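Following: one structure in structure tokens, then a few remarks.
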Amino acid sequence: MRGRVVATGKPARLRFVAGLDAHYQPRAGLVWGAAALLSWPHLELVESALACRPLDFPYVPGLLSFREAPALIAALDCLSRRPDLVFVDGQGIAHPRRLGLASHVGVLADIPAIGVAKSRLIGSFDPPGQEKGASAPLIDKGEVIGAVLRSRAGVRPLFVSIGHRVSLDAAVALVIAAAPRYRLPEPTRLADKLSRMHGA
DNA sequence: GCGACAG
DNA sequence: ATCTTGTCGC
């Protein structure tokens, strides 16, 4: 599937974006996928959706898509409107096979996608500056696979990478624009809130 | 052989 | 991802 990832471009028109996040419910053996639909550029929540799938695959670093992608795509399909872009909680091409969760979902759903991970899977980097918007390249095998981005001053950096049909520069700019107030971009933050409000 | 390892 | 308790800081 990695040959189907498009690593350039940006959404032609941006009216609605979505955040996708998953939540594991161990006692039920389920994964819940949450989708939060927001207006752009005002980032107001306009709709949210939840979907669950049975979980039969263990967590293995590098194989996260096999656990989460089905539930995320199901939640995305529940939205009454198809977003112009999705922010996915996980890596895009910053992955050993260049096919992390965000790229997997982007290709399968054929939608522009950005990977926004809270921590590193692979790659080396120098710490970015402390100011908002500071970034440093994430490198693996001599290749730039993403950006380590300080989305807010002084916070732990995010790991931004190309998901599908978005260039890295555009992805970084979009994440900054989507995170005016918190460390996580608003779409991912609201999807995360929605998914854990449910399990607990 | 050992450490590292999205969620 | 999940669990639990305290603690620090804005």
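Here is the naming used below: chain letters follow the sequence lines, and residue numbers restart at 1 for every chain. The shown structure was predicted, so the numbers you read here are calculated from the model rather than taken from an experiment.
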Round to the nearest Å and state the distance from [X] atom [atom1] to [N] atom [atom2].
X        : N     : atom1 : atom2 : result
A/Leu99  : B/dA6 : CG    : C1'   : 13 Å
A/Arg120 : B/dG3 : CZ    : P     : 16 Å
A/Leu64  : C/dT2 : CG    : C1'   : 15 Å
A/Leu101 : B/dG7 : CG    : P     : 10 Å
A/Leu20  : C/dA1 : CG    : C1'   : 16 Å
A/Arg196 : C/dT4 : CZ    : P     : 14 Å
A/Asp89  : C/dA1 : CG    : P     : 6 Å
A/Leu138 : B/dC5 : CG    : C1'   : 14 Å

Item to check | Qualifying residue for salt bridge (charged side-chain N to carboxylate O under 4.0 Å, His left out) with A/Asp84, from A/Arg165, A/Arg15, A/Lys10, A/Arg13 | outcome: A/Arg13

Item to check | Passing candidate, side-chain contact (heavy atoms from CB on, under 4.5 Å) with A/Leu158, options A/Ile176, A/Val116, A/Val172 | outcome: A/Val116

Next on the checklist: Would A/Tyr59 count as stacking on C/dA1 if stacking means ring centres less than 5.5 angstrom apart and planes tilted under 30 degrees?
Outcome noted: no

Determine the contact category for [X]: base if any of its heavy atoms lies under 4.0 Å from a base atom, sugar-phosphate if only primed atoms, P, OP1 or OP2 are that close, otherwise nothing.
X        : answer
A/Glu68  : sugar-phosphate
A/Leu63  : base
A/Arg67  : base
A/Gly115 : nothing

Item to check | Within 6.0 Å of NZ in A/Lys132, more than 12 heavy atoms from elsewhere | outcome: yes

Item to check | Within 6.0 Å of CZ in A/Arg97, more than 12 heavy atoms from elsewhere | outcome: no

Checklist entry - Got a salt bridge between A/Arg98 and A/Glu143, using NZ or NE/NH1/NH2 to carboxylate O under 4.0 Å? => result yes

Checklist entry - Hey, is the side chain of A/Lys118 poking within less than 4.0 Å of OP1 or OP2 on B/dA6, counting only N and O atoms? => result no

Next on the checklist: Taking only side-chain N and O atoms of A/Ser119, does any of them lie within less than 4.0 angstrom of OP1 or OP2 on B/dC5?
Outcome noted: no

Next on the checklist: Looking only at the side chain of A/His23 (C-beta and beyond, no hydrogens), which of the listed nucleotides B/dG7, C/dA1, B/dA4 gets closest?
Outcome noted: C/dA1

